[in-house]
There are 2 protein chains.
Amino acid sequence: MTAEAGSGGGAERAQAVSSAAGGVSGAPGGAARLPGGPSGVNLLGLRSHNAALVLDLLRRAGADGISRLELAERTGLTPQAVSKITARLRERGLAAEAGRRASTGGKPRTVLRLVPEAGHSVGVHVDRDEVRAVLVDLNGTVVGERLRPLDLETAAGAQAVVEAVAAQAEALVGQVLGADSARAASAATLVGVGVALPGPLDHRRGVLHRVTGFPQWDGFPLRDALVRRLGVPVVVDKDTNAAALGLALTAAEDGGGSFAYVHLGTGLGAGLVIGGTVHRGARTGAGEFGHQVIQLDGPPCGCGDRGCLEALCLAAVERGDVEEAARVLGVGAANLVGLLDIDRVLLGGRTVAGAPGVFAAGVGERVAARAAREGVPGEAVPVLAVPGGARTVAEGAAQLLLAPVFGRGEG
Amino acid sequence: MTAEAGSGGGAERAQAVSSAAGGVSGAPGGAARLPGGPSGVNLLGLRSHNAALVLDLLRRAGADGISRLELAERTGLTPQAVSKITARLRERGLAAEAGRRASTGGKPRTVLRLVPEAGHSVGVHVDRDEVRAVLVDLNGTVVGERLRPLDLETAAGAQAVVEAVAAQAEALVGQVLGADSARAASAATLVGVGVALPGPLDHRRGVLHRVTGFPQWDGFPLRDALVRRLGVPVVVDKDTNAAALGLALTAAEDGGGSFAYVHLGTGLGAGLVIGGTVHRGARTGAGEFGHQVIQLDGPPCGCGDRGCLEALCLAAVERGDVEEAARVLGVGAANLVGLLDIDRVLLGGRTVAGAPGVFAAGVGERVAARAAREGVPGEAVPVLAVPGGARTVAEGAAQLLLAPVFGRGEG
DNA sequence: GCACTTTGGCAACAGCGTTGCGAAAGTGGG
DNA sequence: CCCACTTTCGCAACGCTGTTGCCAAAGTGC
């Protein structure tokens, strides 16, 4: 499928991927981004921006492809500029011509499409009882998968988990890309490895915080450990953020969409997508949806507060009262919609998957009621339960590396 | 964006202001921005972006000024690029040299500063009982003010209010800038007029929604009416958003800051600033903080729901129990901080101004408690009561027009 | 007074998207 | 069939961006 390390074309293509948007984990192309303020843009940055924009449109067009003139309309650039940009992308193997459209009286438009095999990314989902790794191409299509059990509670410390994640990633890269190490695959088309796991963490520095019940994880520099071990770029994020990113990059979403992904499983959390990128906040701790207090002086929660959404919701689920759980969740979702004025609410997680209709209806009712009270009733925010296969988080984790290629990084 | 066909330096300067960031209410410089996706950038857009960035740094430097090399460090651009950019800004009258710093062994740095008089903006605050208009310069300094009573309840319809606002704006421009009409002032240095008023509205289209108790306002196209009447760019926004924007542009805030401005007066609302720009959401309705439900099946609220933050908070104020009001507000603020992971919480409004210490302490306690539960205790989010003079909203309304000049528009 | 450091502009340059124009590749009427 | 017309799209020239190389200006310190 793809050239091994050492063969010229492959290496060039991999370079093309990682530099298309100015690199994955460093400073964006051209001018350095300093903390404390937005950065200036020079010609390299401008080229990266436009190239990433075109790549994103190509990705969203999917198998249908998209013509140069359509790209020009969507970007606001001139057709000639699009021709130059797409020529560069084709030269790097990221785009290719794929047939032509029907003529409308003149020369028919040539259809361009993304070359999915030009880049790959590994996504690893570290859950409480298993580690799932997927290898996806630039389209986000899963081309390889591995699953192994791992009990976080009995795992012998952080280093053992690092080793498990690294081994999974390397085995996956080896069996699918035919490279004998991640480092070698990196010379080919591997962009990097994304890791998603539950609980609070510092996405920017790649350091874990205190996962409930696992004090030994607090402060562990997971990203740096994996970078040393694997030799490829690594990004770490919360599972809810990864899932939200994965949903944000599906073809159904347009570039500027905003939504909340609410995950109800063993816990309750949310990933916020605003303007097409994941909102992580000042300390990358945003999305703590489970401990929103919605009942003053309510029942105590494990976190030490009272009346948390998570406590109320999980208690209702425990009692078997799914309707009440949905109603409670709906109050929280309505609060969120009112505060942020997002486009839609997506529900996921094991508990939701058990009764998707009930949750979608119950939450939707509360959200619609709020919309009717204070806005135009016709414009109610839709509430949908996402199919939520078991791979959702792992696929989103892989997108952590691909998103910057398409200009969706670090919104 | 109507610079009249006039001659002279004034007209040139006004043009310089409004084009520095690609215009106020139209497409940004260079390439058209289409709905449904981010836009491509060309050289005009690149120049606008960098010029706006430098202007923003000049503005934030205030009276101290800032040297070219410091601008280069902060933007990531080369010193030579900064020299070119500042030369253009000086040519347009927007920047000027202002002394030099002490030498550090070589040629001393030349200090640059913003020329405040190069641009002006009118901000109008339409409150329930009065209309306050201020004229500010590029620094945001108030250089003129007018106040007149206006009872919204007895005002003879929307058109009468339009006339009142327009008359206030024109009188203010006349008495301070010496122009006999806003149209003429537009040919000089007037960037436009910003209007802030309570209640839900569509910021993007400039149309009012149903203000509680004023059905005749629903659907009224206030912005277009004012544009026709005044002949200058007009922006309409909620009072809380205007106040938040004003706070976001004070020198204390750096460019990428994020905070929530919580306003407690006759009602309860919030303005969200994320990444230095006001977050307005998909339908520009974000910030509906007052009707966050924090008590399931709580006391009924005027909006039709139960247990709203506003109902609980105002009831406590009514009872004279300020401590309880602060506690309730703190629950809502803590929810907000957890969800969005913002840098700080700012409290304002008449009720807060009555007991700033109590509110800051009460809210701060709840926010700190949450931070201690789930994060690093030392990094608690600060909660501050802003001085909150009566002009806060009007000044912020004026910034609605100035923000785009400094690259803070339509985040 | 001289060596040195630092600032900042002039000139040449590479590279961006844009404009002008022509070749390529279709459709549709005679 | 041929020809006029439309539409797509690339080559070449262009204007403008930020960058690089270089040097004058303006200080400090021995």
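Every chain is numbered from 1 and lettered A, B, ... according to where its sequence line falls, protein lines coming before strand lines.
If you find the closest nucleotide of DNA chain C to Ser67(B) and to Leu43(A), the one lying nearer the 5' end belongs to Ser67(B). Both Gln80(B) and Lys84(A) sit near DNA chain D, but only Lys84(A) has its closest nucleotide nearer the 5' end.
Considering CG of Leu55(A) and CG of Asn50(A), their distance stands at 11.0 Å, rounded to 0.5 Å. The NZ atom of Lys84(A) sits 6.5 Å away from atom CD of Gln80(A), with the distance rounded to the nearest 0.5 Å. Rounding to the nearest 0.5 Å places CZ of Arg74(A) at 9.5 Å from CG of Asp56(A).
Atom NE2 in His49(B) sits roughly 18 Å away from atom P in dC16(C) (whole-Å rounding). Distance CG (Leu53(A)) to P (dC16(C)): 16 Å, rounded to an integer number of Å. Computed from coordinates, the Ile85(B) CD1 to dC16(D) P distance equals 16 Å when rounded to whole Å. As rounded to whole Å, 10 Å separates atom P of dG8(C) from atom CZ of Arg90(B). If you measure from atom CG of Leu46(A) to atom C1' of dA14(C), you get 14 Å, rounded to the nearest angstrom. In this structure, Glu70(A) atom CD and dC9(D) atom P are separated by 11 Å, rounded to whole Å.
Taking only side-chain nitrogens and oxygens, Asn50(B) never comes nearer than 4.0 Å to OP1 or OP2 of dT17(D). Side-chain nitrogen and oxygen atoms of Arg109(A) include none within less than 4.0 Å of the OP1 or OP2 phosphate oxygen of dG26(C). In terms of phosphate contacts, Ser83(B) brings no side-chain nitrogen or oxygen within less than 4.0 Å of OP1 or OP2 of dG8(C). Phosphate proximity of dT6(C) to Arg68(B): absent, as no side-chain N or O sits under 4.0 Å from OP1 or OP2. The phosphate of dG8(C) (OP1 or OP2) has a side-chain N or O of Thr110(B) nearer than 4.0 angstrom. Side-chain nitrogen and oxygen atoms of Arg100(A) include none within less than 4.0 Å of the OP1 or OP2 phosphate oxygen of dT7(D). Distances shown here put every side-chain N or O of Arg101(B) at or beyond 4.0 Å from the OP1 or OP2 atom of dT7(C). Regarding contacts with the backbone of dC16(C), every side-chain N or O of Asn42(B) stays at 4.0 angstrom or more from both OP1 and OP2.
Here dC16(C) is the nucleotide among dC9(D), dG10(D), dC16(C) with the atom lying nearest to any side-chain atom of Arg47(A). Set against dG18(D), dG17(C), dA25(D), the side chain of Lys107(B) has dA25(D) as its closest nucleotide. Of the candidate nucleotides dT19(C), dA14(C), dA26(D), dT19(C) has the atom lying nearest to any side-chain atom of Thr78(A).
Looking at heavy-atom distances under 4.0 Å, Pro79(B) makes no contact with the nucleic acid at all.
Summarising the local packing, CZ of Arg205(B) is surrounded by 12 or fewer heavy atoms from other residues, nucleotides or ligands at distances under 6.0 Å.
Of all heavy-atom pairs spanning Ser121(B) and Leu401(B), the tightest one is OG-CB, 3.5 Å.
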